[in-house]
Protein chains: 2
Amino acid sequence: MSSSVDRTNNGQGNQRMTAKSAPPGLDIFLRKLLSHSPLTDDDQAAIMAMPHSVRHMEPNSYILREGDRSGVCPILCAGFAYRQKSTQEGGRQIVALKIPGDALDFQSMYVRTVDHNLQALTAVDLVIVALPDFEKMVATRPAIARAVIVDILIEASIGREWLLNLGRRNALSRLSHLLCELHYRLLDTRSEGLDARDVPMKQEQLADLLGLTPVHINRTIKKLESNGAVARHGRGIRLGDIESLRRLADFSDTYLHRNNRAG
Amino acid sequence: MSSSVDRTNNGQGNQRMTAKSAPPGLDIFLRKLLSHSPLTDDDQAAIMAMPHSVRHMEPNSYILREGDRSGVCPILCAGFAYRQKSTQEGGRQIVALKIPGDALDFQSMYVRTVDHNLQALTAVDLVIVALPDFEKMVATRPAIARAVIVDILIEASIGREWLLNLGRRNALSRLSHLLCELHYRLLDTRSEGLDARDVPMKQEQLADLLGLTPVHINRTIKKLESNGAVARHGRGIRLGDIESLRRLADFSDTYLHRNNRAG
DNA sequence: TTTCGCCATCAACATAGGTTATAGTAGGGT
DNA sequence: ACCCTACTATAACCTATGTTGATGGCGAAA
C-alpha cells in the first residue's frame with residue numbers, strides 16, 4: 001500500500017536519492033514560491049540545493065496523521081493531496097487541497113503536533129526535506145522566511161473562502177467555485193490550468209470537499225454539464241467554459257493573492 | 001458611527017495616547033502570546049514598550065475592509081470582533097472570531113491587500129501599532145517572530161475545524177462546538193471562560209457564524225436549553241453544562257494548540 | 001414613564017440536499 | 001476476451017434547514 005515505483009507522468013518515483021541529478025521536483029516548488037514572493041538568484045539556488053529525498057506514494061496513503069510529530073517537510077511535486085478531518089460519527093471533510101508545487105507541512109516547523117490528516121489524492125511524488133535543514137535555511141535567509149509565511153497566509157485565505165463556500169453557497173456554486181479555484185491555482189505553476197486535464201477528484205472526494213453527498217455531487221455535475229460549464233470524458237470531468245463557471249460561482253481570484261508582494 | 005468615548009468595562013477609550021500610562025491593553029496581548037509561545041523577560045518588555053495609540057469603536061463598525069492596504073496592526077484588548085466575507089447575492093459568512101488579546105491583522109505585514117472584512121462585534125477597545133514598528137520588532141527578535149507565526153497557524157487550525165463544522169455537523173453540534181471553542185479560548189487569557197458572562201453574539205450573528213438562518217438558530221438554542229447545556233438570562237445565552245456541550249459537539253481542544261511549543 | 005426600534009419567538013409551509021437501494025459501466029488485471 | 005471491482009448513475013422517498021410573515025417583549029433614549 002505504499003512506496004512502489006513510478007506510475008506518474010514524470011516517471012520519477014525512486015527512493016532516497018540525496019542527489020540533485022535531473023529535475024527532481026524542487027523546481028516546481030520554487031516556481032510556486034516565486035508566484036507570490038520575489039527571491040534573489042542566490043536564494044533560489046539555495047532552495048534548489050537543499051538536501052532531500054524523493055518518495056512516491058499511492059493514492060489514499062497517509063502522508064501525515066493527526067497527532068503525529070513530524071520531523072520532515074514534504075513537498076508535493078507531482079500529483080494531488082489533501083488535508084482532511086473527521087467527525088466522531090464518521091463525517092469526513094477535506095479542509096485543504098494541495099497541488100503540484102505546494103509544500104505540505106510548514107506548520108511542523110512551528111507547532112508540535114499535527115492537527116489534521118494529510119492524504120494522497122492521486123499517486124504522488126514527494127520531495128522530502130528534513131525539518132532542521134529547512135529551519136536552517138529559513139533562519140539564514142529572510143526572503144525565504146517571508147515567502148514561507150506568505151505561503152501559509154495564502155492557504156489561510158483559501159480556507160476563509162472555503163468557509164464562505166460551505167456556509168453560504170448552494171451546491172452548484174460550490175462546485176463551480178472549486179473548479180475555478182483549481183484552474184487558477186494550477187496556472188500559477190504551469191501554462192495550462194484545468195483545460196487540458198481531467199479534474200483529479202472522484203465524486204466521493206468532491207463530496208467530502210464540498211460538504212455534500214456523492215449522490216448530490218452527481219446531480220450537480222449533470223446540471224453543470226447541461227449548462228456547458230463542464231464536459232465529460234468517460235468518467236472524468238473536464239473544464240467546459242470557465243466564464244460560465246465564474247459566473248455560477250461568483251468567483252474572483254483576489255483571495256488567491258496571485259503575484260503579490262508586501263509593502 | 002465610530003470613535004466616541006468609553007463604554008466598555010475598562011472605561012479606557014481615549015484617542016491617540018502614545019504613552020504607557022495605566023494598563024492600556026497590551027498586557028492581554030502578551031498573555032495571549034505566552035499562552036502558546038515562550039518569551040524571555042526582555043522580549044516581553046519589548047512588547048509592552050511598543051509605541052501605540054488606543055482606539056474605541058462601536059459595535060458593527062468596520063476595522064478593516066476587503067481591498068484595503070493596511071498600515072497598522074490593531075490588537076483587540078476589550079470586546080469581540082470578527083472577520084467576514086460576503087457572496088454577491090448577499091450571503092454573509094463570519095470566517096473568524098476574535099476575542100480579547102487577539103491581534104487582528106498580522107497578515108498585512110506580509111501581503112499587500114486585505115481579503116476580507118474585519119468588523120467589531122461588540123464595542124471594542126483597540127491598541128493600534130504602526131506596521132513598521134511591529135515589523136522592526138519582529139525582525140529584531142526571533143522569538144517574537146516565531147510567536148507571531150504560531151499565532152497565525154493557530155488561527156488557520158481553527159479555520160480548518162470550522163470547515164469540518166460547517167461541512168459535516170448539524171445545527172446542534174455546530175452551535176455546541178462554537179460555544180465550547182469560545183469557552184476554552186477565553187480561558188487562555190482569563191480565569192473564567194464563558195461561565196460568568198453571556199455569549200457576546202446575537203442570534204443573527206450566530207447564524208452568520210454557523211452558516212444557518214436566525215430562525216433556525218433560535219430553534220437550536222431552545223433545543224440546547226431543554227438539554228440543560230445552555231441557560232438563558234433575558235436575551236442572553238449563558239453556559240449551562242460544558243460537559244453536555246462537549247458531548248453534543250464532539251469537541252476536543254487539540255486544534256487550539258493550547259500551551260504549545262515547537263521542537 | 002412612555003415611546004420606539006431592535007431582537008427574539010413562533011408557526012406554516014417550501015425545498016435543497018440526504019438516504020437507501022438498485023442498476024449500469026469503464027477499465028485494469030489475468 | 002473475460003472477469004472483478006470500484007466508480008457512476010438514477011430513482012423514490014425523507015428530513016434538516018430555509019422562507020415568510022405575524023407577534024411580542026426588552027431596553028435604550030427622551
Side-chain angles (χ1 to χ4, degrees), chain A residues 1 4 6-8 58-60 87 89-93 121-123 165-178 198-226 230-238 248, chain B residues 1 4 6-8 58-60 87 89-93 121-123 165-178 198-226 230-238 248:
Chain A
M1 239 213 213
S4 74
D6 103 303
R7 204 282 101 139
T8 320
E58 293 304 316
N60 303 318
T87 269
E89 295 80 50
R92 208 177 109 98
Q93 179 67 38
L121 172 61
T122 62
N165 221 20
L166 287 187
R168 292 301 182 204
R169 285 198 258 251
N170 62 21
L172 198 68
S173 299
R174 272 187 230 181
L175 180 52
S176 307
H177 197 282
L178 172 70
D198 282 358
V199 173
M201 290 143 278
K202 307 181 193 304
Q203 297 187 4
E204 188 181 4
Q205 294 160 334
L206 286 171
D208 286 342
L209 254 159
L210 299 175
L212 298 166
T213 49
V215 176
H216 200 64
I217 288 288
N218 188 294
R219 300 197 258 249
T220 308
I221 289 172
K222 295 223 311 241
K223 217 179 280 185
L224 275 185
E225 187 188 6
S226 75
V230 129
R232 314 294 306 268
H233 284 203
R235 304 196 154 183
I237 307 170
R238 197 166 291 190
L248 288 167
Chain B
M1 238 211 212
S4 73
D6 104 303
R7 172 43 270 252
T8 318
E58 293 304 317
N60 304 318
T87 269
E89 295 79 52
R92 209 176 107 100
Q93 179 68 39
L121 172 61
T122 61
N165 221 19
L166 287 186
R168 293 299 181 205
R169 285 199 258 250
N170 63 21
L172 197 70
S173 300
R174 270 186 233 182
L175 180 52
S176 307
H177 197 282
L178 174 71
D198 283 358
V199 173
M201 291 144 278
K202 307 180 193 306
Q203 297 187 4
E204 188 182 2
Q205 293 161 335
L206 286 171
D208 287 343
L209 253 159
L210 300 175
L212 298 166
T213 50
V215 175
H216 200 64
I217 288 288
N218 188 293
R219 298 196 261 250
T220 307
I221 290 172
K222 294 222 313 240
K223 217 178 282 183
L224 275 185
E225 188 188 7
S226 75
V230 129
R232 314 293 306 267
H233 284 204
R235 304 196 152 180
I237 307 169
R238 199 167 290 190
L248 288 167

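Below, read A as the first sequence line, B as the second, and so on, with proteins coming before strands; counting in each chain starts at 1. Source: prediction; values computed, not measured.
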In whole angstroms, how far is the C1' atom of C:dA16 from the CG atom of B:L212?
-> 14 Å
May I ask you to check whether over 12 heavy atoms, not counting those of A:E204, lie within 6.0 Å of atom CD?
-> no
Rounded to whole angstroms, how far apart are CZ on B:R168 and C1' on C:dG17?
-> 12 Å
Which atom names give the shortest non-hydrogen contact between B:H216 and B:T220, and what distance separates them?
-> O-OG1, 2.7 Å
Rounded to the nearest Å, what distance is computed from the CD1 atom of residue A:I217 to the C1' atom of nucleotide D:dC7?
-> 14 Å
For B:R232 and C:dT9, is the shortest distance between a side-chain N/O and OP1 or OP2 below 4.0 Å?
-> yes
Protein-nucleotide distance (B:L166, atom CG; D:dA16, atom C1'), rounded to Å | 15 Å
Checking all strands, does A:G236 fall into the base, sugar-phosphate, or nothing category for heavy-atom contacts under 4.0 angstrom?
-> nothing
Identified side-chain contact (heavy atoms from CB on, under 4.5 Å) counterpart of A:V230 within the set A:L175, A:L224, A:V199 | A:L224
Rounded to the nearest angstrom, tell me the gap between atom NE2 in B:H216 and atom P in C:dG17.
-> 15 Å
Judged by nearest nucleotide, the residue sitting upstream toward the 5' end of DNA chain C, B:K202 or A:H233, is B:K202
Identify which nucleotide among C:dT20, D:dA6, C:dC6 has an atom closest to any side-chain atom of A:R235, counting heavy atoms from C-beta outward.
-> D:dA6
Would you say A:N218 reaches D:dA9's phosphate, i.e. side-chain N/O to OP1/OP2 under 4.0 Å?
-> yes
Most 5' of B:R174 and A:E204 on DNA chain D, judged by nearest nucleotide = A:E204
Within the structure, does a side-chain N or O atom of A:Q203 lie under 4.0 Å from either OP1 or OP2 of D:dA9?
-> yes
To the nearest Å, give me how far apart CE (B:M201) and C1' (C:dC7) are.
-> 16 Å
Let me know the distance between CD of B:E225 and P of C:dC10, rounded to the nearest Å.
-> 10 Å
Look at the side chain of B:R219 and decide which nucleotide, out of D:dG18, D:dT8, C:dT9, has an atom nearest to it.
-> D:dG18
So what does A:G91 hit on the nucleic acid, given a heavy-atom distance under 4.0 Å: a base, only sugar-phosphate, or nothing?
-> nothing
Could you state the atom-to-atom distance from CG of B:D198 to P of C:dA8 in whole Å?
-> 12 Å
Between A:R168 and B:D208, is any pair of side-chain heavy atoms under 4.5 Å apart?
-> yes
A:R235 side chain reached by A:D198 side chain, heavy atoms, under 4.5 Å = no
